[in-house]
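Everything on this sheet refers to the single structure shown next.
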Amino acid sequence: MIPAIRGTHDILPGEVERWQRVEDVSRRLFERYGYAEVRTPVIEREELFAKGTGETTDIVQKEMYAFTDKGGERITLRPEATPSLVRAFVEHSLEQSMPVPKIYLFGPMFRYERPQKGRYRQFHQLDVEVFGISDPAIDAEVLDLAWALVTELGIANVELVVNSVGCPACRPAFSEALVKALGEDVGRLCADCQRRAATNPLRIFDCKVAQDQPLIDTLPHSTDYLCESCKAHFAAVERHLHVYGIPYRLSHRLVRGLDYYTRTTFEILAGNIGAQNAILGGGRYDGLVKQLGGPDRVGIGFAAGIERLVLAMPEEAGAHGRVPIFVASMGEAARDSGIALLRDLRRAGLEAHMEYEGRSIKSQMKRADRLKAAYALIIGDNELARGEVTVKNMRTSEQAQVPRAGILDYCRARVSGGQE
RNA sequence: GUGGGUAUAGCUCAGCGGUAGAGCGCCGGACUGUGGCUCCGGAAGUCGCGGGUUCGAACCCCGUUACCCACCCCA
């Protein structure tokens, strides 16, 4: 056997229905909010993420599937969607062709990480982005969309966490304030935090080491160091969130790991899905479009991890209202007639099955049962002679003789609307 | 990249030095035209892989790979 690559997974029947549900629900939802789907390549220039996601991030430094192709280009499998969507926005001047540049994408991402619950090397995200709107109303709308998504998927036990990390004008002052507030106490923090203090002080807030918490709790908050415009923006975002009526928790400890975030950042956390509990994360990235060579346009968006959504969804989610019909036959002539009937049922839009190995009527009925067929249509010499079909209701075991000519109408009437 | 745990039938697992097992699932049978429940029968495993110890290894030892969980990081 040649096994699947580490950290990748086949999504099999039984689980794939939950994925389909995520896809169906999110597609309908995104379109209600005015988003259009965009599909971008899975491979991009390595440079796109080095400049976009950020040279200093773990994603770029150690997690990308990057290689040199036969033409000598540096290529990478995309580790996230935002830079690709920014590239597409710029490359095709989407702000010219779209009334409002709201786009979404659904697809696989790749990061070379150690797999664990909710974290895989090939994983899937659904990603939404809005370009060119700086009005805080859009921040709240995007959050409302995120909240609607988890709600419509039936995911309970979730929490929306919101923060503002400021902009290039005010964030340096905050970083300095953090280092200053730590002072001599840096040495009392865990090794990771001491490293963070030197490289990216904001990430100290990510620390989960219990002994570090008392000290971290004394540190200043990013929202107290915002410049005037960032402060006004965030206040307006909160006001709009109240208008939308979305429950959220303000957390000064929410600091995200990608370099491009500015102002509003947020995550949705789920309980009971393991340590990797962020099912959705995003924020504003006002400098990114320009950074990637486009016009000076703001942006905001989020990505949700499909694996994590599926993990957090309730058990029963994904059950379809399918009503299969099974065609059972005895004898060669009846089997030919059954195959024609099978074809007619399918042409009429019904789900129909048969048994292919010419087994006994008993095993055919068994198969019908396993397929959870609502009806078994039985054809033998008797039925052939009378031009009828025996219809057995598999739930009630009642049988009826139905003329062959009327069988499609008979079935359609009983399975229409996906209900029995 | 670091740490811990686990690898035995399609699935869930028992066996822990002496001929490879159970439950579920699968296939067939119990009125030669009828599923579910019950009963009977059957198929199915190089016991992750490679070395070693031993008369003998699924079991002990070493290595290796994969999976799971956690750290790290993130969706």
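Side-chain atoms are counted along with the backbone in the values below, which use heavy atoms only and exclude waters and symmetry mates. In what follows, chains carry the letters A, B, and so on, assigned in the order in which the sequence lines appear, proteins first and then strands, with residues in each chain numbered from 1.
- In this structure, Gly7(A) reaches the sugar-phosphate backbone alone: every heavy-atom distance under 4.0 Å involves primed, P, OP1 or OP2 atoms, never a base.
- Arg367(A) comes within contact range of the sugar-phosphate backbone alone, with a heavy-atom separation under 4.0 Å but no base atom that close.
- The side chain of Ser363(A) places an N or O atom within less than 4.0 Å of a non-bridging phosphate oxygen (OP1 or OP2) of rG28(B).
- Ring geometry for Phe174(A) against Tyr225(A) counts as tilted: the plane angle lies between 30° and 60°, on a 0 to 90° scale.
- Residue Arg359(A) places at least one side-chain N or O closer than 4.0 Å to OP1 or OP2 of rG28(B).
- With distances taken from any side-chain atom of Met330(A) to the nucleotides rG36(B), rG33(B), rA75(B), the minimum falls on rG33(B).
- Within 4.0 Å of Arg370(A), counting heavy atoms only, lie sugar-phosphate atoms of the nucleic acid but no base atom.
- Evaluation of atom-type donor-acceptor distances gives no pair under 3.5 Å for the side chain of Arg114(A) against the base of rC71(B).
- In this structure, Glu355(A) reaches neither bases nor backbone, as no heavy-atom distance under 4.0 Å exists between it and the strands shown.
- The phosphate of rC67(B) (OP1 or OP2) has a side-chain N or O of Arg6(A) nearer than 4.0 angstrom.
- Checking rG36(B), rC72(B), rC68(B) against every side-chain atom of Arg119(A), the shortest atom distance belongs to rC72(B).
- Residue Lys392(A) places a side-chain atom within donor-acceptor reach of the base of rU34(B), judged by atom type and a 3.5 Å distance cut-off alone.
- At whole-Å resolution of the value, CE in Met365(A) and C1' in rU34(B) are 4 Å apart.
- On the P atoms, rC37(B) is 11 Å away from rC24(B), given to the nearest whole Å.
- Relative to the ring axis of Tyr112(A), Arg121(A) places its NZ or CZ within 45° and under 6.0 Å from the centre.
- When atom types are taken as modelled, the side chain of Arg343(A) and the backbone of Ile339(A) share no donor-acceptor pair closer than 3.5 angstrom.
- Residue pairs meeting the side-chain hydrogen bond (donor to acceptor under 3.5 Å, both in side chains) criterion with at least one partner in residues 55-65 of chain A, sequence neighbours excluded, are Thr56(A)-Asp259(A).
- In this entry the distance linking OH of Tyr261(A) with P of rC73(B) reads 16 Å, nearest Å.
- Remark: the Gln116(A) side chain and the rC67(B) base include no donor-acceptor N/O pair separated by less than 3.5 Å.
- Nearest to the side chain of Lys117(A), among rA70(B), rC72(B), rU34(B), sits rA70(B).
- For the C1' atom pair drawn from rG36(B) and rG25(B), the interatomic distance equals 15 Å after rounding to whole Å.
- Atom-to-atom distance recorded for Leu350(A):CG and Tyr375(A):OH is 11.5 Å, nearest 0.5 angstrom.
- Taking a pair to require two hydrogen-bonding distances under 3.5 Å in either a Watson-Crick or a G-U wobble arrangement, rA9(B) remains unpaired.
- The residue Tyr120(A) sits close to a base: some heavy atom pair falls under 4.0 Å.
- Using a 4.0 Å heavy-atom distance criterion, Ala368(A) is classed as making no nucleic acid contact.
- Judged by distance alone with a 3.5 Å cut-off, a donor-acceptor contact links the side chain of Asn382(A) to the base of rG33(B).
- Counting any heavy atom pair closer than 4.0 Å across all strands shown, Gly118(A) reaches a base atom.
- Note on Ile378(A): a base of the nucleic acid sits closer than 4.0 angstrom, heavy atoms only.
- Separating the P atom of rC60(B) from that of rU6(B) is a span of 11 Å, rounded to the nearest Å.
- Within 3.5 Å, a donor on the side chain of Gln399(A) pairs with an acceptor on the base of rU34(B), or the reverse.
- Residue His9(A) places no side-chain N or O under 4.0 Å from the OP1 or OP2 atom of rA66(B).
- No donor-acceptor contact under 3.5 Å links the side chain of Arg196(A) to the base of rC72(B).
- In this structure, of rC69(B), rU34(B), rG36(B), it is rU34(B) that holds the atom nearest to the side chain of Thr390(A).
- Between Arg45(A) and Asp69(A), no side-chain nitrogen of the basic residue sits less than 4.0 Å from a carboxylate oxygen of the acidic one, so the salt-bridge criterion is not met.
- Looking only at distances, a side-chain donor or acceptor of Arg308(A) sits under 3.5 Å from a matching main-chain atom of Ala278(A).
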